[in-house]
Amino acid sequence: MQESFHSRVYAVVCSIPPGTVATYGQVAALAGNPRNARFVGFALHANPEPGIIPCHRVVFRDGSLAPGFAFGGPDKQRALLEREGVSFVEPRPDHANAGAEGGCVDMDRCQWHG
DNA sequence: GCAATGACCTGCT
DNA sequence: CAGCAGGCCATTG
């Protein structure tokens, strides 16, 4: 159980309050490496405890979710976030990425401030 | 021990 | 305004 980046990211993601979402860059920054946003996902991918890590609370900078890698389904992730109390915006707030056709978190209201 | 990859982000053309 | 490319750091095989 070394304090590798994995453990740190895991702690940060697990530290995200309910009804709130954080971006990979945010988690990466809190983990101590703002430039390792791509590695944050890697940490969750190799995460040691799948199921206890609220990966669904981690979203892109645009507010879109991770396509194809949702722990059980993108639709499930949207349901989980909504269930937590996170607000969702159907239309694209800005120029959203391809992949989140109807899954954009309202970063204006639910982005984790830390 | 070496090398390659990776749920991304940012900047430039 | 939009699309494209590259780079960062750490873990894994």
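Excluded from the calculations below are hydrogen atoms, water molecules and symmetry mates; all remaining heavy atoms, backbone and side chain alike, are included. Naming convention: chains lettered A, B, ... in sequence-line order (proteins, then strands); numbering from 1 in each chain.
Across all strands shown, A:F39 has heavy atoms under 4.0 Å from base atoms, whether or not it also approaches the sugar-phosphate. The residue A:N36 sits close to a base: some heavy atom pair falls under 4.0 Å.
Here C:dC8 is the nucleotide among C:dC8, C:dT11, B:dA7 with the atom lying nearest to any side-chain atom of A:R38. The nucleotide whose nearest atom lies closest to any side-chain atom of A:A37 is, among B:dC8, C:dC8, C:dA10, B:dC8. Counting only heavy atoms from C-beta on, A:F42 has its side chain closest to B:dT5 among C:dC8, B:dC9, B:dT5. Out of C:dT11, C:dC9, B:dA7, the shortest distance to the side chain of A:H6 is found at C:dT11. The side chain of A:C55 lies closest to B:dA7 when the candidates are B:dA7, C:dA10, B:dT10.
Heavy-atom distances to DNA chain C give each of A:R35 and A:F5 a nearest nucleotide, and the one nearer the 5′ end belongs to A:R35.
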Assess whether side chain to side chain contact (heavy atoms under 4.5 Å, CB included) is satisfied between A:T20 and A:R57, documenting all intermediate values. CA-CA 7 Å; A:T20 314; A:R57 283 189 200 154; 6.0 Å; no
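The separation between A:I16 atom CD1 and B:dA7 atom C1' is 13 Å, rounded to whole Å. Rounded to an integer number of Å, the gap from A:R8 CZ to C:dC9 P is 16 Å. For A:R78 and B:dA7, the CZ to C1' distance is 19 Å, given to the nearest whole Å.
Ring-centre distance between A:H45 and A:F39: not below the 6.0 Å cut-off.
Put simply, the side chain of A:N33 never gets that close to the backbone of A:R35: no donor and acceptor are under 3.5 Å apart.
Of all non-hydrogen atoms in A:C110 and A:V105, the two that sit nearest each other are CB-CG1, 4.4 Å.
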